[in-house]
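Below, chains carry the letters A, B, ... as their sequence lines are ordered, and counting in each starts from 1.
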Number of protein chains: 2
Amino acid sequence: MPALDDTDIKILNALQQDGRLSNAELAAKVNLSPSACLRRLHLLMAGELVAGTHLVLDQKMVGYPGTAYVFLTLDGQDRKQLDAFEARIKLIPQVQECYLLAGQADYLLRVVYKDSEDLERLHSEVLTRLPGIRRVQSTMTLRTVKRTAMLPL
Amino acid sequence: MPALDDTDIKILNALQQDGRLSNAELAAKVNLSPSACLRRLHLLMAGELVAGTHLVLDQKMVGYPGTAYVFLTLDGQDRKQLDAFEARIKLIPQVQECYLLAGQADYLLRVVYKDSEDLERLHSEVLTRLPGIRRVQSTMTLRTVKRTAMLPL
DNA sequence: AAAAAATGCGTATAGGCGTACCCAAGGAAA
DNA sequence: TTTCCTTGGGTACGCCTATACGCATTTTTT
């Protein structure tokens, strides 16, 4: 990755906060002319550094007020079984994140749900029926204290 | 919140995938004239539904390849102590998420780190020194299987 | 059932913005 | 010192955004 100077960092931080800033607004924020700003922007966007820019919706407002973490234990750990499991997990929209933990057979999921009934359904009708699942343990969250996508630069 | 029809959902889904789509591109995607599309877009953006749009960077590329989950146990559970803790947590950039769990004294954090040394520092020099902390237990992730911000609509 | 009101699309137009290109200035390399 | 390379500013052109207006369809009212 290319070296980032202070201006690049200012640009990235501004766009982390508001990804729909126009180039003109951005240029004003970082004290650059629009043309110079746009050139840097294009280089940054073309680089490997940026994963994308996304609209983020209010979880409550779209009907998914609940967030839970789910620990999954698989009974086998061979490659083929893990791949099958992971392919399936990626298709479940309510699963927002999935990490492989130590031991090659434990996964951690973050799921969103509409209400307790929905979580129960997700738990018993979807997750437990995934291939090779031995154990499903959910931890509900009571409140979101902090949630950010701002990486420190 | 206002009722969403199919076109609204198409717009939101398109912007969840690519938040920098221009109105013209968006209009083409959802089979609408630019003006009609823009009108809907403004209404949606002004509503409570949208939390914002953000540039998301590649964690590895910006030097934070590691993700860990940290369970925190506090020794007191009075309101004042929790507020003090939460205010401090919000100021730590490496803490990407923080949830209150059941029991009013357990928190779950998702943190990013540069290397094991960095995680160790975060663990022993930052988190354990937060006010009212009794126990800090970290769980490292080996691999990110899935990570999305797409909420099902 | 007819009329009126409301909702929402498309077209048109003016102005602003994104885009590409050129030039200038500063610093590094030879 | 000369040349090259990097990076910022300026300008011209074309597209996009924004707003107003007219029209069609649906819904409400009487």
Legend entry - Close side-chain approach of B/Val95 and A/Lys146, heavy atoms under 4.5 Å: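 Touching, per the 4.5 Å side-chain cut-off.
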
Inset, instruction - Would you mind reporting whether B/Leu32 and B/Thr7 have side-chain heavy atoms less than 4.5 Å apart? - result: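 Answer yes - side chains close enough.
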
Legend entry - Distance-only donor-acceptor check, side chains A/Gln94 and A/Arg110, under 3.5 Å: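 A/Arg110 and A/Gln94 do not have a side-chain donor-acceptor pair below 3.5 Å.
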
Inset, instruction - Look at all strands and tell whether A/Ser35 reaches a base, only sugar-phosphate, or nothing, counting heavy atoms closer than 4.0 Å. - result: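 Contact class for A/Ser35: base.
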
Inset, instruction - Indicate, with a heavy-atom threshold strictly under 4.0 Å, whether A/Ser33 touches base, sugar-phosphate, or nothing. - result: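 A/Ser33: base contact, heavy atoms under 4.0 Å.
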
Inset, instruction - Might you work through the side-chain contact (heavy atoms from CB on, under 4.5 Å) test for B/Val111 and B/Leu119, ending with a clear yes or no? - result: CA-CA 9 Å; B/Val111 303; B/Leu119 179 60; 4.2 Å; yes

Legend entry - Comparing A/Leu21 and A/Arg39 on DNA chain C - which has the more 5′ nearest nucleotide: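 Upstream on the strand: A/Leu21.
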
Tell me the interatomic distance from [X], atom [atom1], to [N], atom [atom2], rounded to whole angstroms.
X: A/Asp5; N: C/dG27; atom1: CG; atom2: C1'; value: 15 Å
X: B/Asp6; N: C/dG8; atom1: CG; atom2: P; value: 14 Å
X: B/Asn31; N: C/dC9; atom1: CG; atom2: C1'; value: 13 Å
X: B/Leu32; N: C/dG10; atom1: CG; atom2: C1'; value: 10 Å
X: B/Leu41; N: D/dT17; atom1: CG; atom2: C1'; value: 11 Å
X: A/Met45; N: C/dT19; atom1: CE; atom2: P; value: 11 Å
X: A/Asp8; N: D/dT6; atom1: CG; atom2: P; value: 15 Å
X: B/Leu38; N: D/dC16; atom1: CG; atom2: C1'; value: 10 Å

Inset, instruction - Give the nucleotide from the list D/dA18, C/dA20, C/dG8 with an atom nearest to the side chain of A/His42. - result: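 When the side chain of A/His42 is considered, C/dA20 is the closest of D/dA18, C/dA20, C/dG8.
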
